[in-house]
Amino acid sequence: MSEYRPEEIEPKWQAVWERDKTFRSLEGGGKPKFYVLDMFPYPSGSGLHVGHVEGYTATDIVARFKFARGFNVLHPMGWDAFGLPAEQYALETGTHPSVTNEKNIATFTAQLKALGFAYDWDREVNTTDAHYYKWTQWIFLQLYKRGLAYIAEVPVNWCPALGTVLANEEVIEGRSERGGHPVIRRPMRQWMLKITAYADRLLEDLESIDWPEHLKDMQRNWIGRSRGAEVDFAVAAETAGGLDAKIRVYTTRPDTLFGATYMVLAPEHPLVAELASDAQRAEVLAYSQAAANKSELQRTDLQKDKSGVFTGAYAINPVNGKQIPIWVADYVLWGYGTGAIMAVPGHDERDWEFARKFELPIVEVISGGEVDVAAHTGDGLLVNSGLLDGLNVSDAKAKIIAWLEEQGVGQGTINYKLRDWLFSRQRFWGEPFPIIHLEDGSHAPLPEQFLPIQLPQVERYEQSGTGESPLATIEDWVNTVDPVSGQPARRETNTMPQWAGSCWYYLRYIDPHNAEKLVDPEKERYWMPVDLYVGGAEHAVLHLLYARFWHKVLFDIGAVSTKEPFQRVVNQGMILGLTYQYYRTQDGQALSYKERGANHAELTSFTVPGDAVVWKDEKPYHPEFGVELEEITEKMSKSRGNVVNPDDVIAQYGADSLRLYEMFMGPLEQTKPWNPRGVSGVHRFLSRIWRLVCEEQGLSAKVGGEASEELLRELNKTIKKVTDDTEALRFNTAIAAMMEFVNFLYKQETVPKAVVESLVQILAPYAPHAAEEIWQRLGHVGSITHHPWPAADAKYLVDDSYQLAVQVMGKLRGTLTVPIDITQQAAVELAMAEPDIARHIEGKELRRVIFVPKRILNFVVS
RNA sequence: GCCGGAGUGGCGGAAUGGUAGACGCGCCGGAUUCAAAAUCCGGUGAUCGUGAGGUCGUGCGGGUUCGAGUCCCGCCUCCGGUACCA
């Protein structure tokens with residue numbers, strides 16, 4: 001017997017793998033391919049997180065499993081390295097983001113290597129590398145050429161005090177996250193990508209991919225396709241200072257047109273100012289102005305209480321010629337539909353609320369509800385609707401659309417919630433656009449041969465103060481010459497958002513060093529699509545949608561061969577941490593949650609880091625104040641002091657134990673709490689295997705002998721279970737099966753070498769270092785990774801007898817060991833011979849016997 | 001509000017409609033030890049019973065079925081997403 005020492009084994013094998021390039025991805029050789037991808041990380045200063053480790057371990061197990069199953073495996077890693085933190089650090093300290101990056105990437109790399117992940121490091125990509133972003137820029141040019149990139153004036157979150165534009169997540173309740181300065185919306189020149197042109201394909205092609213249904217649903221909801229009609233309402237000129245105009249509205253309920261009792265324009269609607277009557281003008285303009293200054297968040301925050309102003313003008317309902325008042329209200333959004341609605345308070349909750357508040361008429365046009373009490377949004381028969389009376393909702397829709405089209409006052413249309421993608425940021429640390437602006441105010445794309453447009457190397461980074469990117473302050477860089485005309489020009493100073501680089505990185509892994517092309521078409525055809533893509537659920541909508549959009553554009557220009565990039569996507573669940581919490585009164589006295597009482601609003605909560613907690617009688621206490629702490633399971637965060645650092649776990653138990661524990665905690669996709677004591681359980685399991693097999697040098701005396709029939713059965717069942725479970729990503733039950741098998745082996749006198757070999761092979765994807773070490777001690781040369789996976793021998797999978805559960809009236813009354821092919825009659829006879837079973841039947845009438853071979857024998861009595 | 005997902009021992013979790021609680025943590029007992037740690041072996045849903053054995057038990061209330069954690073209907077709670085999208 002000897003001790004399991006991961007601290008010796010793990011670095012040894014990591015060095016061997018690195019030296020031998022064990023996990024190099026190769027094409028060809030007549031092998032099938034498997035592309036297994038992780039969502040690459042942003043290399044933050046805080047290093048790898050146990051959440052990363054979970055997803056990365058899952059794909060690593062799959063990669064190693066597929067290697068052993070004879071696949072060519074592509075399993076790469078890289079860096080999504082553009083991003084705000086490095087830029088903010090640069091502004092504060094003058095350190096170039098690439099320097100910060102390099103340092104953080106070194107940390108991440110060391111951490112990933114210490115976990116023994118089977119990456120082909122020769123394929124590492126970095127989105128901030130000019131050799132990489134050259135191709136990000138190239139893709140932008142292709143989008144531009146196809147008319148999918150355009151410039152628009154779009155409101156952004158402008159913070160005058162900071163002199164910069166903020167991302168939505170940097171704005172909290174209308175103020176900047178840093179400093180709490182006011183933030184207003186201000187239009188700025190922006191690049192937009194026309195993702196809406198692909199809305200239908202993004203929706204339809206979801207059918208062809210193997211993603212969890214909830215994820216597809218999220219994408220469907222985001223795209224938000226709806227079918228309805230656009231209807232033109234003429235403005236009643238005499239009520240609008242003689243203005244001759246039409247207002248087009250979008251509605252999904254054209255069937256309720258007769259119930260429209262007023263109309264609402266979004267505050268940004270261009271007709272607002274023209275329509276307003278003299279009496280109302282000042283009020284209307286003030287309202288529009290106020291709405292414009294509110295941030296997006298403020299506008300939605302205030303949604304409970306509806307606000308609005310009457311313009312003084314009226315519109316004419318085309319179906320009945322009635323005049324209805326035109327209002328302005330911010331519950332109508334300028335960005336959706338036509339920015340104007342017909343309001344049908346009887347059958348729309350929002351309109352109903354508004355009508356109630358401003359005492360506007362409510363008319364019932366669909367029967368079945370009580371429109372005085374609440375809006376009736378369900379189906380029913382049409383009433384008060386002229387030609388539609390008596391129809392149901394769906395027939396009425398069809399009929400009115402036909403009528404509108406015939407009259408030339410509207411038509412059926414399809415609308416999307418999806419909006420075009422705001423594709424520029426006023427930042428330094430992002431991909432520059434390959435665009436120049438000429439003195440005449442026009443802009444031009446730079447020809448491909450001038451790519452990449454590199455970021456400048458400078459000593460200091462300063463906010464422009466104008467809202468433009470810090471790039472605008474770097475004169476040497478901004479001022480350039482149009483290579484085509486020779487005219488002086490200014491470079492575009494916006495940069496691309498972080499999404500850009502991550503939209504196509506999976507393609508670059510396939511051919512990472514290609515200087516001529518984005519990716520070699522032959523290699524692309526070999527490896528695409530990605531067979532399995534694992535990552536956090538926070539990217540379920542945007543990243544995956546944007547990447548799908550780019551991929552479809554690349555498909556259209558012939559750069560890729562598949563319609564969809566990711567055949568299968570799996571989201572790993574979040575890992576929660578334990579927080580230990582107590583309270584303090586205003587005068588500083590510490591209180592346990594038990595003494596907190598009901599009035600704890602006056603108390604402030606504090607947390608104690610997990611390793612500082614003192615345990616007494618299985619209960620956590622504060623190390624100084626001695627109060628009992630409340631254990632709370634919540635998202636890991638620095639501020640809560642509940643972050644588990646993978647380095648610490650590796651130092652204490654080794655990487656194999658960390659990997660195994662994260663997989664053993666529960667199903668991959670589930671949210672799971674981290675139990676600090678849980679790692680010791682899997683560590684114990686690895687130690688048990690080690691002690692079973694290894695002596696200080698070489699193998700233990702227990703290894704040898706002949707395999708019994710029973711042993712072979714257990715072995716083959718375990719192989720089968722682990723194979724099936726690994727294939728289906730059920731890692732927790734695969735590990736449980738290996739544990740059971742090891743428990744079984746401990747009861748054996750001897751364990752034949754061939755059995756140990758099989759065990760180590762199925763263990764290898766999970767605990768690769770320990771497996772390699774034992775494999776070597778078993779006398780093998782070369783990595784276990786490429787040794788074929790053991791096959792379960794079918795003849796050992798079928799037992800010749802089984803435990804038959806016997807029930808009377810569905811209640812278990814006994815179990816019998818019976819031959820595999822037992823007949824119902826024989827089973828009944830055996831069961832009746834058991835006194836504990838028979839006594840539940842005696843004296844009653846046997847009405848029915850249910851016998852399901854290998855499952856159940858059930859007596860139904862009266 | 002809407003759309004997803006989940007509720008099973010003290011805890012993490014297992015269970016093609018067929019013996020609920022595999023495996024692990026924790027706990028209890030035993031072996032080993034001068035002793036402890038480590039290790040090995042055994043036990044561990046609740047409850048009644050000396051015992052054999054019985055009863056109850058998968059968020060709640062109904063239903064389908066010989067049989068329901070699993071399927072159906074109606075609720076409750078928690079988590080994730082989304083939010084005036086006409």
Side-chain angles (χ1 to χ4, degrees), chain A residues 1 3 212-218 220-222 224-226 228 249-253 256 264 266 299-304 306 329-333 335-344 347-351 353-354 415-419 537-538 540-541 571 573-574 576 618 631 633 635 660-661 664-667 669-682 684-685 687-688 691 730 732-743 746-747 803-815 835-836 839 847-852 854-861:
Chain A
M1 209 203 279
E3 210 178 318
E213 204 50 42
H214 69 95
L215 215 162
K216 289 189 189 181
D217 267 340
M218 280 162 85
R220 287 189 193 109
N221 291 340
W222 195 264
R225 183 184 146 111
S226 68
V249 303
Y250 173 72
T251 176
T252 56
R253 296 296 303 275
T256 61
V264 186
R299 266 175 80 161
T300 51
D301 271 357
L302 298 170
Q303 68 181 262
K304 296 292 166 235
K306 292 213 167 19
D330 65 3
Y331 84 92
V332 171
L333 305 177
Y336 182 76
T338 60
I341 63 159
M342 62 175 206
V344 184
H347 306 282
D348 181 283
E349 281 162 19
R350 297 151 300 182
D351 297 344
E353 263 179 55
F354 190 84
N415 237 305
Y416 302 91
K417 283 197 224 175
L418 182 70
R419 314 214 192 143
E538 65 273 22
V541 179
N571 290 132
M574 209 187 333
L576 303 176
E618 305 295 308
E631 191 175 87
T633 317
K635 209 167 168 171
L660 214 47
Y661 174 62
F664 187 61
M665 285 165 76
E669 299 193 55
Q670 195 167 301
T671 300
K672 303 161 284 265
W674 180 275
N675 175 356
R677 286 186 274 209
V679 192
S680 65
V682 291
R684 197 169 296 158
F685 163 65
S687 303
R688 275 165 70 80
R691 277 194 302 273
R730 290 187 300 254
N732 54 331
T733 50
I735 294 165
M738 289 189 272
M739 287 175 167
E740 278 183 83
F741 185 58
V742 169
N743 290 345
Y746 261 72
K747 297 184 175 65
Q803 294 281 309
L804 177 65
V806 182
Q807 299 179 333
V808 178
M809 294 300 283
K811 279 189 199 293
L812 185 73
R813 297 301 179 184
T815 53
D836 277 338
R839 68 193 172 84
R847 289 193 6 230
R848 203 174 149 191
V849 175
I850 285 137
F851 176 66
V852 183
K854 297 186 200 170
R855 299 242 180 273
I856 202 89
L857 176 63
N858 188 10
F859 294 99
V860 184
V861 296

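Naming: A, B, ... by sequence-line order, numbering from 1 per chain. Computed from a predicted structure; not experimentally measured.
- Relative to the six-membered ring of A:F859, A:R848 misses at least one condition, a distance below 6.0 Å or an angle of at most 45° to the axis.
- Following rounding to the nearest Å, A:L418 (CG) and B:rU82 (P) show an atom-to-atom distance of 14 Å.
- Residue A:N415 is out of contact with every strand shown, counting any heavy-atom pair closer than 4.0 Å.
- B:rU77: Watson-Crick or G-U partner is B:rA6, with both key distances under 3.5 Å.
- Counting any heavy atom pair closer than 4.0 Å across all strands shown, A:S687 reaches no nucleic acid atom.
- Using N1 to N3 plus N6-O4 or O6-N4 for Watson-Crick, or N1-O2 and O6-N3 for G-U wobble, each under 3.5 Å, B:rA37 pairs with nothing.
- With distances taken from any side-chain atom of A:P673 to the nucleotides B:rU19, B:rC84, B:rG13, the minimum falls on B:rG13.
- Remark: P of B:rC11 and CG of A:N675 are 12 Å apart, rounded to the nearest angstrom.
- Using N1 to N3 plus N6-O4 or O6-N4 for Watson-Crick, or N1-O2 and O6-N3 for G-U wobble, each under 3.5 Å, B:rA15 pairs with nothing.
- Residue A:K747 places its side chain closer to B:rG42 than to any other of B:rC40, B:rG42, B:rA86.
- Relative to the side chain of A:I856, the nucleotides B:rG13, B:rC84, B:rU19 differ in distance, and B:rU19 lies closest.
- Between the P atoms of B:rU55 and B:rA20, the separation comes to 13 Å (whole Å).
- Counting only N and O atoms by type, the side chains of A:Y661 and A:S680 include no donor and acceptor under 3.5 Å apart.
- In this structure B:rU55 sits in a base pair with B:rA46, meeting the Watson-Crick or G-U test at under 3.5 Å.
- A:Y746 comes within 4.0 angstrom of sugar-phosphate atoms only, judged by non-hydrogen atoms across all strands, and of no base.
- What separates CD1 of A:I735 from C1' of B:rG12 is a distance of 13 Å, to the nearest Å.
- Judged by closest nucleotide on RNA chain B, A:K811 is the one of A:V860 and A:K811 placed further toward the 5' end.
- Among the heavy atoms of the strands, none lies under 4.0 Å from A:K635.
- Counting non-hydrogen atoms under 4.0 angstrom, A:R684 reaches the backbone sugars and phosphates but no base.
- The distance between atom CZ of A:F859 and atom P of B:rU19, rounded to the nearest whole Å, is 17 Å.
- The A:H214 side chain lies nearest to B:rG4 when the options are B:rU39, B:rC84, B:rG4.
- When heavy atoms are screened at a 4.0 angstrom cut-off, A:N732 is found touching the sugar-phosphate backbone but no base atom.
- Atom P of B:rG63 sits at a distance of 31 Å from the matching atom of B:rA14, rounded to the whole Å.
- In this structure, A:N858 reaches the bases: a heavy-atom distance under 4.0 Å links it to at least one base atom across the strands shown.
- Here A:T815 lies in heavy-atom contact (under 4.0 Å) with a base.
- Going from atom CD of A:E213 over to atom C1' of B:rG81 covers 15 Å, rounded to whole Å.
- Rounded to whole Å, the separation between the C1' atoms of B:rU65 and B:rG12 comes to 33 Å.
- A:P667 comes within contact range of the sugar-phosphate backbone alone, with a heavy-atom separation under 4.0 Å but no base atom that close.
- Across all strands, A:R813 comes closer than 4.0 Å only to sugar-phosphate atoms, never to a base (heavy-atom distances).
- Here B:rA38 presents its P atom at 15 Å from CZ of A:R688, a figure rounded to the nearest Å.
- Per the geometry, CE belonging to A:M574 stands 12 Å off C1' belonging to B:rG5, to the nearest Å.
- Summarising the geometry, the separation between CZ on A:R730 and P on B:rA15 is reported as 7 Å, rounded to the nearest angstrom.
- Both the sub-6.0 Å distance and the 45° axial angle are not jointly satisfied by A:K306 relative to the ring of A:F354.
- Without hydrogens or angle criteria, A:Y336 side chain to A:Y416 main chain gives no donor-acceptor distance under 3.5 Å.
- Here B:rC23 is the nucleotide among B:rC56, B:rC23, B:rG54 with the atom lying nearest to any side-chain atom of A:F664.
- In this structure, A:Q807 does not reach the B:rC66 phosphate: none of its side-chain N or O atoms is under 4.0 Å from OP1 or OP2.
- Considering only the side chain of A:A736, B:rA22 comes nearest among B:rG18, B:rA22, B:rC40.
- Atom CD of A:E538 is surrounded by more than 12 heavy atoms from other residues, nucleotides or ligands within 6.0 Å.
- The side chain of A:R677 contributes no N or O atom lying less than 4.0 Å from OP1 or OP2 of B:rG24.
- Remark: of the listed residues A:N858, A:V861, A:L857, A:L857 is the sole one forming a side-chain contact (heavy atoms from CB on, under 4.5 Å) with A:V849.
- Distances from the side chain of A:Q803 to the nucleotides B:rA86, B:rU19, B:rG81 place B:rU19 closest.
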Item to complete: Please report the C-alpha distance between A:M342 and A:V344 in whole Å, then the side-chain angles of each, then the deciding distance to 0.1 Å, and finally whether the side chain to side chain contact (heavy atoms under 4.5 Å, CB included) criterion is met.
Response: CA-CA 6 Å; A:M342 62 175 206; A:V344 184; 3.9 Å; yes
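- Among the atoms of the strands shown, only primed sugar atoms or phosphate atoms (P, OP1, OP2) are found under 4.0 Å from some heavy atom of A:E740.
- Under the Watson-Crick or G-U wobble criterion, with both distances below 3.5 Å, B:rU65 is left unpaired in every strand shown.
- In this model, the phosphate group of B:rU65 is not approached by any side-chain N or O of A:R848 to a distance below 4.0 Å at OP1 or OP2.
- Side-chain atoms of A:T733 lie closest to B:rA14 of the nucleotides B:rG18, B:rA14, B:rG4.
- Closest-nucleotide positions on RNA chain B for A:M809 and A:E349 were compared, and the one nearer the 5' end corresponds to A:E349.
- Base pairing annotation: B:rG1 forms a Watson-Crick or G-U wobble pair with B:rU82, both donor-acceptor distances under 3.5 Å.
- In this structure, a donor-acceptor pair under 3.5 Å is present between the side chains of A:D351 and A:Y331.
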